[in-house]
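Just so we're on the same page: letters track the sequence lines, and every chain starts at 1.
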Amino acid sequence: MPRYNFRESEAKWQSAWEKEAAFSAIESPEKQKYYVLEMFPYPSGRIHMGHLRCYTLGDVIARYKRARGFNVLHPMGWDAFGLPAENAAMEQGIHPAEWTYKNISTMRNQLKAMGLSIDWTREIATCDPKYYQHEQTMFLDFMEQNLIYREEGWVNWDPVDHTVLANEQVIDGKGWRSGALIERRRLSQWFCRITSYNDNLLKKLDHLHRWPKKVRTMQENWIGRSEGAYIEFKFTETSRKNPLKVYTTRPDTIFGASFCAIAADHPITEELAKKNTEIEEFVEECRQLGTSEEAIQTAEKKGIDTGLRVKHPFLDKDLPVYTANFVLMGYGTGAIFGCPAHDQRDLDFALTYRLPVIPVVVPPDENADKFTITNEAYIGEGRLENSEFLDGLDVEKAKRAIIERLELEKKGKGTTNYRLRDWLISRQRYWGCPIPIVHCEDCGLVPVPRDQLPVILPDDIDFSGHGNPLDRHETWKNVKCPKCKKAAQRDTDTFDTFIDSSWYFARFCSPDSKVPVDPKAAQYWLPVDQYIGGIEHAILHLLYSRFFMRAMQQSGHIEIDEPFSGLFTQGMVNHATFRDSGGNWVEPQNVIHTNENKIERADTGLPVEIGRVEKMSKSKKNTVDPTDVIEHYGADTARWFILSDSPPDRDMEWTNAGIEGAFRYINRVARIIDDRLPLIGIPKTTKPKEFSTTALELRQITHKTIAGVTGDYENFHFNKSVARLYELTNAISSVDLDNLEHDISWAIRESLETLVRLLSPMTPHLAEDMWQKLGHKTLLTNMDWPNAEEKLITDDKVTLAIQVGGKLRGTINVEAGINKKSAEELAHSMPNVQASIGKRKVRKVIFVPDKLVNFVV
RNA sequence: GCGGGCGUGGUGAAACUGGUAAACACGCGGGACUUAAAAUCCCGUGCCGUAACUGGCUUGUGGGUUCGAGUCCCACCGCCCGCACCA
């Protein structure tokens, strides 16, 4: 039986921390602050392993920074609005609010059992009117700053359920519940003008040096700044006065143009569709691709000749105008010219519709006469050919020359374009923050007066009908116009839940403030020093938050622009999958290994096959409930396992063997300390003047571990800290306990106390318990971080690798700092080196100080 | 389709700016303790050859740069994340 009682210990220390309010954060201007935040959870029902991992990582940082003397803010809240609550309402007849608050209460208890160093007094839930009322205020503020506008946007429409669907509710072009073919529909909706900050959002990425490079690159590409040109093509049909305006990033390839293409939802296409059934059908077909860019771009490239022709701006030739499914209305002008030789999509399209392929850029090492394009477009550098006045120029120069000519002849214009689109924030849903606008027939869009805020979600709703229940809630919906007092209607849409998560980190600074954020508190705590969450939020959530801070700054709520100065993206938690012979997924706890070394289902006895290791998901039944693990092994074991082995930014595999191993280690630490307690005296005994080799060696590894673990904590290399702590533990337990001299017992106490202190951010309950056992009266949680003694962490001996021709032929132990000549002599005299060199001549000797000697032969 | 990432023993991984590949752990094998089992402790463990030391090979695949490549460059393969209404 393990001697350490984790159940007793974890409960004891959690209540001790609570009693001392050890983790409540108070603004103290004289202390340096550190704000640690993990992305707050959606209250889906129970916490999952992804949460356990994320919150463990954050807690290690929070506890470590606290020990380093920082004034740490580490809060928790709930991203409580969203679709699943409405689904639960429809499927189980439970009210979204009830469902959500029940989940919050379960998950709060689960998180508390993890022993997180969280200031629970700052807890917020976004579905609480005390929180979302401020979003309504800020919406009106942003409106005054011209950051909000109303326009038509596309939605996925389910014609059977009469409801708007989220992209994830559209499966293979069909509604997930009704199975009906969905279609794109236009709806008048609210937008945030995020594009007014596109350049700033892009440029400031350079300052976020504590963000992963990959996230910055992804945001950069998402904003998608491009230098290009608008080019106008005149229609041959004289009745069409307005030219076709296209956007291109490759104006240099204009002489290779063989067609133009416009989006299926381009105004011209829509106009033509009214009189041409073929085009109408095509447009209809494109609408069934839904609104997601992924669906549109993975579809087979298709188009229809509209019959319209345009004139090439510089050549005496006409180009056909197609309407095509790969041209996006939301990017550029919704119209392109196609140059098949130098764009893969254009080439694929041209090959399908037998359009000419005219190479105009020739690779540097190719001959213009012989250069042809078959089924791969050439997008690289080169010089222009077949291009009149551009001939001979390279791509960059040609771009500049053509833009100059376009502008001179008033046929186009150089321009900077962004891929980023404005943020559509209206959702046709109940469980979200109401939009504080009244629609009046006479006065138009009327903001709800500020003294009438907040607009509170009604509780009495009916989910049995189609669409948004708010839209059918007559008493809530029908109000008097605040301006003219005539009958009017509330906006029945609610905010995108990304709004809720775009400023919650700021609210944590002053969760009870009457205004969205208390400027003094925000000034002290923001920005978040370390933000932690999944890579899946690399673009949208993080970009929206960056925008929101700017909008809040512009409307005077706050003085910062970047919300997160440090970001860490953790990997997913995976688990093996199991399937029985009937092809059904089987839960891990239902899989048993029989005595005959077979694997079968515990319930039915059917044989089971082990499948791939995949992200934990309910559908594949390969989940493990963190709470089960905590009940069985304790929070420290769960935390230790989740930190060991895999680097936190990479995916990890949850295994039973791993958790068992972690459990053994926790108990081993307790046992090792227990066994040595009678031998090591009381705390703070006099430090011996001299140390024996054994004691010195233990002290050296102890102090090297302090230095190593400290560096690892700073760099999120917790798996390496774990390895180092194993090494320290091994070193401690290998010291012979017979006839202990004072210097050794002193060194053992030092190493044990160090071990416990270094462990405390990762396994806080065990550490606190052991700290007490080691004779200390105060909480370890309030102790500062140990310091490594410089003298003890530098080696005076090093091992040199000796190579011949780059191959290892031996190693030698030498004094650190040995010079080239002596190292070379020593190495050269080694028999193995002699044999390897043989009769060959040594051409050169490479010497890397304190690393290696390499004889080049 | 577009953008971003990852790939090292049986397994999770380590290897700082190019310098001893496999630290640490899991698993496995052997041993000690035990009436026995569990727990614990000790030893071994990349692969191939070998009686043994020595040796040869090895970081998804193929090429390149270098005295030297897991690390840098090019091409390919596989897997994962995001694509604007999941959160």
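With a cut-off of 3.5 Å on both pairing distances, the Watson-Crick or G-U wobble partner of B/C28 is B/G44. Across all strands shown, B/C2 pairs with B/G82; the Watson-Crick or G-U wobble distances both stay below 3.5 Å. Within the shown strands, nothing qualifies as a pairing partner of B/C33 under the Watson-Crick or G-U definition with both distances less than 3.5 Å.
Between the C1' atom of B/A39 and the OH atom of A/Tyr4 lies a distance of 19 Å, rounded to the nearest Å. Remark: P of B/C83 and CD of A/Glu168 are 10 Å apart, rounded to the nearest angstrom. Summarising the geometry, the separation between CG on A/Asn730 and P on B/A23 is reported as 13 Å, rounded to the nearest angstrom.
Within a 6.0 Å sphere centred on NE2 of A/His541, heavy atoms belonging to other residues, nucleotides or ligands number more than 12.
Atom P of B/A25 sits at a distance of 12 Å from the matching atom of B/C43, rounded to the whole Å. The C1' atoms of B/G18 and B/C67 are separated by 12 Å, rounded to the nearest whole Å. If you take atom P in B/G60 and the same atom in B/G10, they sit 13 Å apart, rounded to whole Å. Here the separation of B/G27 from B/U11, taken at their C1' atoms, is 7 Å to the nearest Å.
Rounded to the nearest 0.5 Å, atoms CG (A/Leu165) and CD (A/Glu183) are 11.0 Å apart.
Taking the six-membered ring where tryptophan is involved, the planes of A/Tyr131 and A/Trp503 are essentially parallel, since the angle between them stays under 30° and well short of 60°.
Closest to the side chain of A/Ala657, from the set B/C67, B/G19, B/G27, is B/G27. Of all nucleotides listed (B/C80, B/G12, B/C85), B/C80 comes nearest to the side chain of A/Met572. Listed nucleotides B/C85, B/G7, B/U20 differ in distance to A/Thr811; the shortest reach to its side chain belongs to B/U20. When distances are taken from the side chain of A/Leu420 to each of B/G4, B/A13, B/A84, the shortest belongs to B/A84. Closest to the side chain of A/Pro84, from the set B/G7, B/C24, B/A87, is B/A87. In the set B/C85, B/A25, B/C83, the nucleotide with an atom closest to the side chain of A/Asp496 is B/C85. Taking the side chain of A/Leu808 as heavy atoms from C-beta on, and the options B/A13, B/A84, B/U20, the nearest nucleotide is B/U20. Taking every side-chain heavy atom of A/Thr799 into account, B/U20 is the closest of B/C80, B/G1, B/U20. Minimum atom distance to the side chain of A/Ala166 is reached by B/C85, of the listed B/G82, B/G3, B/C85. Closest contact between the side chain of A/Lys214 and the listed nucleotides B/A84, B/G5, B/A87 involves B/G5.
The pair A/Lys174-A/Asp172 fails the salt-bridge criterion, with no side-chain N (NZ, NE, NH1 or NH2) lying under 4.0 Å from an Asp/Glu carboxylate O. A salt bridge links A/Asp712 with A/Arg724: the closest approach of a Lys/Arg side-chain nitrogen to an acidic carboxylate oxygen falls below 4.0 angstrom.
Ring centers of A/Phe498 and A/Trp423: at least 6.0 Å apart, outside the cut-off.
Checked by distance alone, A/Glu614 brings no side-chain donor or acceptor within 3.5 Å of a matching partner on the base of B/C79. Looking at A/Asn167, its side chain has no donor and acceptor atom pair within 3.5 Å of the base of B/C85. Evaluation of atom-type donor-acceptor distances gives a pair under 3.5 Å for the side chain of A/Gln428 against the base of B/C85. Interface remark: the A/Asn221 side chain does not form any donor-acceptor pair with the B/G3 base, using a distance-only criterion of under 3.5 Å. The base of B/C83 sits with one of its N or O atoms less than 3.5 Å from a complementary donor or acceptor on the side chain of A/Glu294. If you check distances only, the side chain of A/Arg843 never reaches the base of B/C67 with a donor-acceptor pair under 3.5 Å.
Just one residue in the list A/Tyr42, A/Phe81, A/Trp99 forms a ring-ring contact (aromatic ring centres under 6.0 Å, His included) with A/Trp431, and that residue is A/Phe81.
An anti orientation is assigned to B/G10, its glycosidic angle lying beyond 90° of 0.
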